[in-house]
Number of protein chains: 2
Amino acid sequence: MKRHYSKELGALREMVLRMGGLVERMTHRAVQALVERKIEMLAEVKAMETQVNRLHVDIDEACIQIIALRQPTAADLRFITAAMKINTDLERIGDQAINITESADFLLTVPPVKPLIDIPRMADIAKEMLRDSLDAFVNGNELLAYETIRKDDQVDQLKDQVFRELLTYMMSDAGTIERSLALVLVSRHLERIADHATNICEDVIFMTKGKDIRHQDLLP
Amino acid sequence: MKRHYSKELGALREMVLRMGGLVERMTHRAVQALVERKIEMLAEVKAMETQVNRLHVDIDEACIQIIALRQPTAADLRFITAAMKINTDLERIGDQAINITESADFLLTVPPVKPLIDIPRMADIAKEMLRDSLDAFVNGNELLAYETIRKDDQVDQLKDQVFRELLTYMMSDAGTIERSLALVLVSRHLERIADHATNICEDVIFMTKGKDIRHQDLLP
C-alpha cells in the first residue's frame, strides 16, 4: 500500500547505518594509530570526516522530507525522530574521533608515557556500545538497548582509573605532564563516545516503546 | 484560523526559553561558586538539574505531539524540529554545568591555584552566546545567529590560553597538578557550552532559511 514510503524509511535506515559504520571506523583507527604509533593513519581518520559531515546533512534533510511529505504518525514518526537524534550523536562521535587524532598528533611526536593503560580497553567497550546501539536501532531491540546502557558504567570506571594512574605519573615526574594530559583528554573523548552510544540507546527505547526513560533511573 | 495550533507553538517556545534560562543560570551559579569560593552555592545548581530534566522530556513530547496531531509543514515543521534539536543541546549544557560543580566540589576544598585566569571571561562569553542563540531562535534572527557563531573562536582561544598557563603552573610546581587539572576540565566544560550554543545557532539558521550551513564554512 505505502510501498514508496517504506522504501524511503529503508533508505534512511541505510544512511544511519553507513554513518554509524564510518564513525566506528574513525574511532577504531584513531586509537589504533595511537597504539601502533602510526602517525600516517591519522590522515585517514581526518579524511573520513567529510563523508560523515555530508551524511549528517543528508539524514536531517531526509527526515524532514519524509515528515513533510508523508505525514507519518505513531511508530513511523518515532522512528524518524529517533533517526534525527541519532544522527546528531553520530556526528559528535565523529568529532570525538577527530579530537583523539588531535591528541595523537602530539603524542606520536614524543616518547610514549608507558603502555596506554586502559585506553585501548575503553575504546573497545565504546565501539561495542556504538555497534550494539545501532543494532538495537535497526532491529527495534529494546533489550539490547538496555544492556548497552549498562556498559556505560564500565567506561566511566576505566576513565577514573586512567585519570588516577596518569595523575601519579605526572606527580612523580613533571617531564610526563604534557603527555599524560594528552592521554587524559583521549580517555575523556572515549568516555564521550560511550555517552553518545548511551543517548542512542535511550532514543531506541523511546522509539520502541513510546516511553521516555531518560532521567528516570528505572532500568529493569 | 489555526489558533489553537499557534497556541501550542507558543507554549513550546516558552518551554524552550524556560529551559534556556535554567541552564544559563546553572552555568552562571556554578562559575560564581568557583570565583567566590562558596561551596553552598553548588547544591542550588544541582537542584536545578531536576527541572531541566523534566523540561527535556516535556519538550520532546510536545514536539512529537504537535507533529503527529497537526502535521505541520514548511516553516512550522522546521521550527519544531529546531526546538527538538535545541532541547538536546540545552540539556547537555545543563550536564556541563553539573560537571563544573563536580570540579568545584574538589577545587573549593583546596587552596586556590591563583586567580582563575580567564575562566570567568570564558563563562561570560559562553553565557552570552547561549542567551543570544535563544534570542535568535525566538525571533528567527538569522543575523544574530551568525554573529554568535563567530564568538566561538574567542572561547576556543581562551581555552588554549588557559591550558598553556595551567601547564606552566603544573610543570613548575607539582603540588598544583591536581588543582590545575580540575581547572583545565572546567575550561573544557565551558568550551562545550559555547559549542552547544553554536549548534543552536546553526539550527536557527536552518530554521529561518531552510538552509543547512553546518560543515560548509560559508559564514557571510
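Per chain, numbering begins at 1; letters A, B, ... match sequence-line order.
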>> Between A/E49 and chain B, with a heavy-atom cut-off of 4.5 Å, which part of the residue counts as in contact: side chain, backbone, both or neither?
In response: neither
> Given a strict heavy-atom distance threshold of 4.5 Å, which part of B/L167 is in contact with chain A: side chain, backbone, both, or neither?
Replying inline: side chain
> Where along residues 185-196 of chain A does a heavy atom come under 4.5 Å of chain B, listed by residue number?
Replying inline: A/L185, A/R188, A/R192, A/H196
> If you round to the nearest 0.5 Å, how far is CG of B/N87 from NZ of A/K85?
Replying inline: 6.0 Å
> With a 4.5 Å heavy-atom cut-off, do A/I64 and B/F206 have their side chains touching?
Replying inline: yes
> Between atom CD of A/Q71 and atom CD1 of B/I67, what is the distance when rounded to the nearest 0.5 Å?
Replying inline: 11.0 Å
> Is A/R92 paired with B/D89 through a side-chain N to carboxylate O contact shorter than 4.0 Å?
Replying inline: yes
> How long is the span from the OG1 atom in B/T88 to the CG atom in A/N199, to the nearest 0.5 Å?
Replying inline: 8.5 Å
> At their closest point, which heavy atom of B/M170 faces which heavy atom of A/L181, and how far apart are they?
Replying inline: CE-CD1, 3.6 Å
> Just checking heavy atoms, which of residues 151-164 of chain B are less than 4.5 Å from chain A?
Replying inline: B/F163
